[in-house]
Amino acid sequence: MTKTQIFPGRYDSLEKISEFIQENTKNAGFDGFTSYTIETAVDEACSNIIEHAYGQENIGDIEISVSINPSNLTIYIKDNGKPFNPKSIPKPNLSSNLYERKGDGLGLYMMRQWMDEVQFEFVDNKNVLKMVKNKGQ
Amino acid sequence: MTKTQIFPGRYDSLEKISEFIQENTKNAGFDGFTSYTIETAVDEACSNIIEHAYGQENIGDIEISVSINPSNLTIYIKDNGKPFNPKSIPKPNLSSNLYERKGDGLGLYMMRQWMDEVQFEFVDNKNVLKMVKNKGQ
Amino acid sequence: MEISINNYKRCDIVKVSGRIDSSTSPQLLTTFNSIMDDGKYKIIFNMSDVSFISSAGLRVLISTQKNCKRYNRGELALCNLPENIKAALDLAGFIPLFRIFDTEVEAVGSF
Amino acid sequence: MEISINNYKRCDIVKVSGRIDSSTSPQLLTTFNSIMDDGKYKIIFNMSDVSFISSAGLRVLISTQKNCKRYNRGELALCNLPENIKAALDLAGFIPLFRIFDTEVEAVGSF
Ligand SMILES: Nc1ncnc2c1ncn2[C@@H]1O[C@H](COP(=O)(O)OP(=O)(O)O)[C@@H](O)[C@H]1O
Ligand SMILES: Nc1ncnc2c1ncn2[C@@H]1O[C@H](COP(=O)(O)OP(=O)(O)O)[C@@H](O)[C@H]1O
């Protein structure tokens, strides 16, 4: 079963996106904490689309499809912004020294840590982000 | 209906005395705060009997009778200690200046403020304290 | 009666559950005295779980307050007063003698 | 998101209820900045009613902590962390960067 919803590329869509994701993680049977990690990954992905792919709010939409499969939950997030190549992005500095520590660069890191698969592609002039969370771990 | 109970003249009887009084104030239909004021008056009276009439713990008993009447609750408290004449007791100092303020002498004052009638007698070699709380005020 | 003590940087919180009467008030006095014996005179008394206080308990509060305030070294503050307990303090004329807070946080935050 | 601020003698408590995401985190930053603009750098952030925090919210925490700690003038301390929020802070490596308390009282009592 796949559900798709399209949201305007604005920060105040994030709350509605979270509600959409929560519905699906609940239906998929994930526990509260696992749902929270998926919600976080999607929020980070969508924030990045608005901030980096579109460069600002109200430039384009974000299309989210969620499939509840027997062994996993698979999420596709599509946008029409500028192509993104994550290979060029360095790992964030996680130093526990406050003065060396930066607050940015955490979004991709959290997505990768909390999802089992995170894959960016540029297809048919769209950025397509696929994220998978396995069930029953 | 009158209920009577006898308690050993010791400070650890005070909790059981309170429970006995609470049962009766509840049956008489008093609200929580009014019950609390009656409980306080009885506690002060019994503490004084142990401290002042008997002079110490484990000298004699305290007999308490409670009557639930149509218009009031009447409590009799009897002891075999030394006769007490409350006339000689001055009113407490209720100064709001901390350094003039004393902490003692509050017991009789609280009994008189919170009960409608407080009367000490010495009858048949016993101190008999009668306290009345009117209903429906 | 049960007594707990929590130490913070600038004050201690004493919390009692149960009755403070002639039987139990000596224990409360001992508790306050032991804190003051450690040189700590900023004390908060959380009364939320006090079910009853007699004049014997009130005497402990006043003597502790005098002791704490001596030489301007501190203060006994009260917090979380149940209605009945507040009425007893009021009857005894104690309300002007203590700072009284709704919550522990406000009390701690005032020191 | 709703924000409340309570001022105490030695610190301020900021409490948020709701989501801290890219949409709402600027409001939180403004709140922290306005407290610091008043010359107050001892801030407690009560997170009990925070339902969600994204990296945008985490960025606000780190920049506020740096600002508070500058010249040794203060600190941002956290309290009442829900489990999910604590897991996010942990993933981001934030646990060593903040003093974290179970209750507001302990947090206020530490200043
Ligand atoms: N969807 C995207 N489109 C374009 N660039 C992106 C996208 N997502 C992330 N980036 C780039 O990767 C960097 C790291 O992203 P991220 O880890 O989310 O942290 P932050 O957004 O805080 O910089 C961003 O600064 C940006 O340069
Ligand atoms: N039952 C009693 N028998 C003898 N003396 C009493 C009795 N009750 C009270 N008193 C005397 O009256 C004084 C005032 O009593 P009270 O108001 O209860 O305050 P306190 O007991 O704190 O002194 C007592 O100090 C005591 O001298």
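Small disclaimer: the values here were computed from a predicted structure and weren't measured. Chain identifiers are assigned alphabetically (A, B, ...) following the order of the sequence lines, protein sequences preceding nucleic acid strands; residue numbering begins at 1 within each chain.
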Is it the backbone or the side chain of [X] that comes under 4.5 Å from a heavy atom of chain C, or both, or neither?
X      : answer
E15(B) : both
F33(B) : both
E39(B) : both

[atom1] of [X]: more than 12 outside heavy atoms within 6.0 angstrom?
X      : atom1 : answer
F20(B) : CZ    : yes
N72(C) : CG    : no
K86(C) : NZ    : no

> Contact part of T24(C) toward chain B, heavy-atom cut-off under 4.5 Å: side chain, backbone, both or neither?
Replying inline: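 The answer is neither part of T24(C).
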>> Nearest 0.5 angstrom please: I44(C) CD1 to I5(C) CD1, how far?
In response: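 Taking CD1 in I44(C) and CD1 in I5(C), the distance rounds to 13.0 Å.
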Any idea which of [options] has the most non-hydrogen atom pairs under 4.5 angstrom with chain B?
options                        : result
I53(C), D21(C), L58(C), L91(C) : L91(C)
A87(C), A56(C), P96(C)         : A87(C)
R59(C), Q65(C), R19(C)         : R19(C)
G93(C), A88(C), S63(C)         : A88(C)

> Can we say K126(B) and D124(B) salt-bridge, meaning some charged N sits less than 4.0 Å from an Asp/Glu carboxylate O?
Replying inline: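 Not counted as a salt bridge, because no side-chain N and carboxylate O are separated by less than 4.0 Å.
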>> So which residue, Y11(B), Y36(B), Y99(B), W114(B), ends up with the most heavy-atom pairs under 4.5 Å with chain C?
In response: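 The candidate making the most pairs under 4.5 Å is Y36(B).
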>> Here's one to test your reading of the geometry: is the NZ or CZ of R101(B) within 45 degrees of the ring axis of F94(C) and under 6.0 Å from its centre?
In response: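 No; the conditions do not both hold, so R101(B) does not lie above the ring face of F94(C).
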> Does NZ or CZ of R10(C) fall inside the cone over F111(C)'s six-membered ring, less than 6.0 Å from its centre and within 45° of the axis?
Replying inline: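 Not flagged: R10(C) not positioned over aromatic ring of F111(C).
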